[in-house]
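In the text below, chain A, chain B and the rest are named by the order of the sequence lines, each starting its count at 1.
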Amino acid sequence: MNLATQGTPVGEPYVVEPSEPVAVEVQALSVWYRSFQALADVSFSIPRHRITAVIGPSGCGKSTFIRCLNRMNDLIPEFRMTGDIRLEGARIYEMDPTEVRRRVGMVFQKPNPFPKSIWENIAWGLRINGRRHDLAESVERALRRAALWDEVKDKLHMPATSLSGGQQQRLCIARVLAVEPEVLLLDEPTSSLDPIATARIEDLLIELKDRYTIVIVTHNIQQAARISDYAAFFYLGRLIEFQKTEDLFTRPRCSMTEAYITGRFG
Amino acid sequence: MHVRVEDVPRRVAVRRRRWGEKLLEGCLAVCASVAVLTTAGIVAVLIFETAAFFRVVSIWEFLTDTQWTPLFVEKHFGILPLATGTLLTTGIALSVALPVGILAAIYLSEYCPEGLRRALKPALEVLAGIPTVVYGYFALLFVTPLLRQFIPSIAGLNALSAGLVMGVMIIPTIASLSDDALYVVPRSLREAAYALGASRRQVVLGVVVPAARSGILSALLLGISRAIGETMIVAIAAGMNPRLTLNPLVPIETMTAYIVQVSLGDTPTGSIEFRTIFAVGFALFLATLVFNVFSYAYARRFRETYR
């Protein structure tokens, strides 16, 4: 199937401006790794305290995209970008990267707890951000928010690696929540988890969206449909379509989006 | 002349192959067992001669007497002076090699550009290959005169100079192995730390170094083991005076240096003086064995963490 000849031609994405307050604005974002262009001219607005799903086939640039939102790509020497990303109106590429990453937390594909105790995993992030008082309360609050407290409250000093995969991933979420970010980025957070652990994380994200702006990359279309309020479909480094999840799944404007969500490729 | 395989009667070919296989297997087995048999032989000789030594001298005297004078008329067999000598030079060496080695490893693994790391790593390993006799004369003829500029009272042969140079000698071991340990800490852990708003220093000291700690400890123990067993530097630069002191400015004698002293002299084989070197050698063997075993155990634990 020749995708380029179908529907909306590449270069004219269908992007809806959300009718609610915006947390992150992306304007004309293009990214290169050396000479390879990973993202081309991506522009859309991420609404505050909503779950925005980023979907698309492998290699479409969705991970690259969310790693721009907390300046994680700065760690890659070959990375180069143009365009603008604003967090609550302020240009993040003009801010101190550690400040950006504190305000925009990130959870990764594979659970990556530090080889420390459960308690230390959360306390460390607090300490490096200068929050040394009330550590115990902050740790408990973070674990409660991540729906992990009841399972670990009696073994806070056990190594984090002794937890199950799903618990480790919730610990990673708790670790991020502890430093009280405004935005929570999740890069395929359930791809290494079983269905029950996945369901727990999805429920958790829905609970969390009252307090945090959530951006989740997922290759699981059903997951995007279940939990997200808005969805962005990426293909070959371009944003093809962005609108409310309900509309994107029931009335996709681009035939490529339709082909992807109905499982005809990807 | 061409002889094709098909021309040889089949059974002969098979038999020949079987003999060939057996012969090759035998050769390989002999080669493989050389190291094991040598070790076993050394340990057997050590134990045998040490046992003979302890039939004359009590273990109690060996461990508690504060003098070591087996080559004099009035003989004392207290290993303490030699043991403190070894402890002193090893301690001085570690006080140099531990901070420098670990900081060098952190620089190599976490800060220096990849190209520079590729150039520096082999250079470190070349440093590890310098014959220790060179280090020994370096200590005696360069470092000691240099130290005398600052400490006029220092003796020509002393523990400080030998210890410092020995420290330089084990830096490559500690730096290179610690660098390996730091370098394999998964990228995902560093990313997790950066994503919490950590600075580079916080990521390195708070996450990467603790994650690599068993590998670093293993490197340190191996360095200590090398320092304890090091012979040439201390024999040349630290002196041959067994004395119970922790003063680094005077001549001392380490366990290894004593073995050299006796081996080079005209001590008759089979005499009690001669057997002392086996007793000392056995003590040395036990000490380095303990450190090697712990080093190996920590290295294995480290590998298991990141499999």
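Taken to the nearest 0.5 Å, the CD1 atom of A/Ile118 stands 4.0 Å off from the CG atom of A/Leu163. Within the model, atoms CZ of B/Phe294 and CG of B/Leu289 stand 10.5 Å from one another, a figure rounded to the nearest 0.5 Å. To the nearest 0.5 Å, atom CG of residue B/Asp179 and atom CD of residue B/Glu110 are 8.5 Å apart. Between the CD1 atom in B/Ile228 and the CZ atom in B/Arg226 there is a gap of 12.5 Å [rounded to 0.5 Å].
Just one of A/Arg175, A/Arg141, A/Arg103 meets the salt bridge (Lys or Arg N to Asp or Glu O under 4.0 Å) condition when paired with A/Glu180; it is A/Arg141. For the pairing with A/Leu208, the side-chain contact (heavy atoms from CB on, under 4.5 Å) check across A/Leu177, A/Asp203, A/Ile51 returns one residue only, A/Leu177. Each of A/Glu151, A/Glu207, A/Glu202 was compared with A/Arg170 under the salt bridge (Lys or Arg N to Asp or Glu O under 4.0 Å) criterion, and only A/Glu151 meets it.
With hydrogens and angles left out, the side-chain atoms of A/Ser192 and A/Gln109 include no donor and acceptor closer than 3.5 Å. Side-chain contact annotation: A/Glu25 with A/Gln27, donor-acceptor N/O pair under 3.5 Å present.
Your options are B/Gly197, B/Ser199, B/Gly206, B/Ala198, and the one with the most heavy-atom pairs under 4.5 Å with chain A is B/Gly197. Counting heavy-atom pairs closer than 4.5 Å to chain B, the top-ranked of the candidates A/Thr161, A/Leu75, A/Val179, A/Val176 is A/Leu75.
Surrounding CZ of B/Phe142 are at most 12 heavy atoms belonging to other residues, nucleotides or ligands under 6.0 Å away.
Contact between B/Pro210 and B/Leu205 at its shortest, heavy atoms only, is CD-O, 3.3 Å.
Within residues 81-96 of chain A, no residue has a heavy atom under 4.5 Å from a heavy atom of chain B. Within residues 122-129 of chain A, the residues approaching chain B closer than 4.5 Å by heavy atoms are, in numerical order, A/Trp124, A/Gly125, A/Ile128, A/Asn129.
Using the six-membered ring where Trp is involved, A/Phe65 and A/Phe234 have ring planes that are tilted, between 30° and 60° apart.
Salt-bridge annotation for A/Glu182 and A/Arg102: absent, with no side-chain N of the basic residue lying under 4.0 Å from a carboxylate O of the acidic one.
Proximity to chain B (any heavy atom under 4.5 Å) is restricted, for A/Phe108, to the side chain, taken from C-beta onward. Neither the backbone nor the side chain of A/Arg71 comes within contact range of chain B, judged by heavy atoms closer than 4.5 Å. Proximity to chain B is limited to the backbone of A/Pro113, based on heavy atoms less than 4.5 angstrom apart. If you measure heavy-atom distances from A/Lys110 to chain B, you find no contacts under 4.5 Å at all. Contacts between B/Arg200 and chain A at a heavy-atom distance below 4.5 Å are absent for every atom of the residue.
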